Amino acid sequence: MAFSFYTFIAILLFLLSIIVRSSEITRATNNDSESLVAEEKALMETGWWSNYSNKGVHHCTWPGVRCSPAGSVIEVDLSGHGLNGSITPQIGALSKLKCLNLSSNTLRGELPSSLGNLTQLAVLDVSYNEIHSIPLEIEKMENLVSLNLTRNLIVHMPSTIGLLTNLTHLIMTSNPLQSIIPPHIWNLNKLMTLHLGNCQLYGSIPPNIGKLKSLVNLHLSSNMLVGPIPSSVNNLTNLVSLVLYGNQLNGSIPQEIGRLTNLTTLYLSSNMLLDLSK
Ligand SMILES: *[C@@H]1O[C@H](CO)[C@@H](O)[C@H](O)[C@H]1NC(C)=O
Ligand SMILES: *[C@@H]1O[C@H](CO)[C@@H](O)[C@H](O)[C@H]1NC(C)=O
Ligand SMILES: *[C@@H]1O[C@H](CO)[C@@H](O)[C@H](O)[C@H]1NC(C)=O
Ligand SMILES: *[C@@H]1O[C@H](CO)[C@@H](O)[C@H](O)[C@H]1NC(C)=O
Ligand SMILES: *[C@@H]1O[C@H](CO)[C@@H](O)[C@H](O)[C@H]1NC(C)=O
Ligand SMILES: *[C@@H]1O[C@H](CO)[C@@H](O)[C@H](O)[C@H]1NC(C)=O
Ligand SMILES: *[C@@H]1O[C@H](CO)[C@@H](O)[C@H](O)[C@H]1NC(C)=O
Ligand SMILES: *[C@@H]1O[C@H](CO)[C@@H](O)[C@H](O)[C@H]1NC(C)=O
Ligand SMILES: *[C@@H]1O[C@H](CO)[C@@H](O)[C@H](O)[C@H]1NC(C)=O
Ligand SMILES: *[C@@H]1O[C@H](CO)[C@@H](O)[C@H](O)[C@H]1NC(C)=O
């Protein structure tokens with residue numbers, strides 16, 4: 001008729017064990033301690049926090065490191081911290097990283113191919129360093145929105161850049177590309193800012209430029225570009241600044257530019273354009 005005392009205790013213990021186990025599972029999923037340890041190890045192996053790594057201070061409090069509430073590293077900003085040498089491949093273990101700013105250091109060599117593991121990365125700023133190459137694996141950073149490579153030593157833009165279709169900002173001013181305008185960028189239809197000034201670019205500006213309908217800022221100054229300004233700039237209705245000075249562009253200034261009603265900055269000087277007013 002009634003449960004015995006011992007049955008009651010047995011059921012109670014059973015229920016208790018379920019509660020404990022499920023809370024363990026929740027904790028493990030919310031805060032995968034194994035990957036957090038791997039992240040701390042990766043930070044140590046960069047050598048950038050050698051002053052901090054052995055003093056029992058939690059890595060989320062190291063300078064320039066920001067973590068999510070769950071303890072994953074989501075931002076690293078060590079701009080202007082005197083970093084030198086190459087970027088260690090272990091950086092690829094920071095799988096939740098959203099923003100990496102290494103601007104204004106003296107980092108050299110290649111960007112490591114393990115950067116391809118940073119699929120959550122939205123912002124990558126390695127401007128003002130001495131980086132000379134970009135890995136093909138950059139294509140895996142599918143959430144990348146902003147890429148700033150200003151003033152490095154990059155000689156080649158991998159074709160896979162064309163797969164980063166979420167990019168809105170591509171800033172590469174002052175790199176010795178010595179090529180035509182990299183054709184793969186015509187796929188990047190969300191681009192709002194494209195800076196390729198002072199990159200030793202030659203050849204003409206192709207009509208494809210009209211495909212980049214979201215462009216707000218187009219800077220191609222101080223290159224060796226020849227031929228006309230294509231009339232397809234007509235399609236760039238959001239353009240606010242068009243900076244083309246210091247090339248060898250010829251022909252007349254396309255009338256279509258007059259329809260770009262948002263344009264406030266137009267620099268065309270130091271080219272070989274015809275002056276129609278004469
Ligand atoms: C690390 O320690 C060295 C020597 O003690 C010091 O010069 C340097 O500024 C420290 N770096 C940081 C990031 O605190
Ligand atoms: C996850 O772990 C970090 C670091 O150990 C800790 O600060 C944080 O409170 C934990 N978060 C959760 C939700 O358990
Ligand atoms: C990176 O840091 C530099 C220096 O603090 C800053 O000017 C720049 O805006 C930062 N980059 C991004 C993408 O926030
Ligand atoms: C890199 O920086 C460290 C620490 O500031 C310094 O000890 C080392 O000599 C530097 N290496 C090079 C190659 O400049
Ligand atoms: C990057 O991912 C690959 C597999 O996708 C893995 O083999 C490699 O160890 C990862 N690298 C880092 C630094 O996490
Ligand atoms: C672009 O971003 C969206 C939303 O974050 C994502 O679903 C998509 O996979 C990303 N990649 C590409 C290449 O569109
Ligand atoms: C690099 O470009 C991004 C996007 O335009 C910008 O936010 C950032 O401030 C730039 N970095 C520097 C050092 O100017
Ligand atoms: C410019 O836009 C028109 C209309 O949307 C389109 O038919 C044409 O192909 C575009 N030109 C280029 C070069 O993208
Ligand atoms: C011009 O700028 C205004 C205000 O920023 C914006 O609403 C509009 O969409 C832009 N484009 C055109 C073609 O007017
Ligand atoms: C512009 O320059 C190219 C060579 O760079 C030449 O073939 C073409 O005839 C020139 N066009 C005009 C209108 O001067």
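For ligands, and for the atoms within them, numbers begin at 1 and follow the listed sequence. Worth saying up front: this structure is predicted, and the values here are computed from it rather than measured. Computed over heavy atoms, backbone and side chain alike; hydrogens, waters and symmetry mates excluded.
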*In chain order, what residues pass the salt bridge (Lys or Arg N to Asp or Glu O under 4.0 Å) check against Glu75, with sequence neighbours excluded?*
Arg66
*OG of Ser222 to CG of Leu196: how many Å apart, nearest 0.5 Å?*
12.5 Å
*Identify, by atom number and element, the atoms of ligand 3 in contact range of Val123, meaning under 4.0 Å from any of its heavy atoms.*
13 (C)
*Subset of ligand 3 atoms that lie under 4.0 Å from at least one heavy atom of Ser79*: 2 (O), 3 (C), 4 (C), 5 (O)
*asked:* Looking at every heavy atom in both Gly71 and Leu36, which two are closest together, and how far apart are they?
replied: O-CD2, 3.3 Å
*Residue pair Asn189 / Ser214: nearest heavy atoms and the distance that separates them*: O-OG, 3.1 Å
*asked:* Any nitrogen or oxygen of Asn101, side chain or backbone, less than 3.5 Å from one on ligand 3?
replied: yes
*Nitrogen or oxygen atoms of Asp125 and ligand 3 under 3.5 Å apart*: yes
_Short side-chain to backbone donor-acceptor contact, Asn152 and Ile154, under 3.5 Å_ = no
*Can you name the residues that come within less than 4.0 Å of ligand 6, going by heavy atoms only?*
Glu142, Asn143, Leu163, Thr165, Asn166
_Any residue meeting side chain to side chain donor-acceptor pair (under 3.5 Å) with Gln200, in chain and number order, not counting sequence neighbours_ = Gln178
*asked:* List ligand 10 atoms under 4.0 Å from Asn250, heavy atoms only on the residue side.
replied: 1 (C), 2 (O), 3 (C), 8 (C), 10 (C), 11 (N), 12 (C), 14 (O)
*So among Leu149, Asn198, Ile185, which one has a side-chain contact (heavy atoms from CB on, under 4.5 Å) with Met172?*
Leu149
*How is the hydrophobic cluster of Tyr267 composed, in terms of its other members, when Ile, Leu, Val, Met, Phe, Trp and Tyr link through side-chain heavy atoms under 4.5 Å apart, directly or indirectly?*
Val243, Tyr245
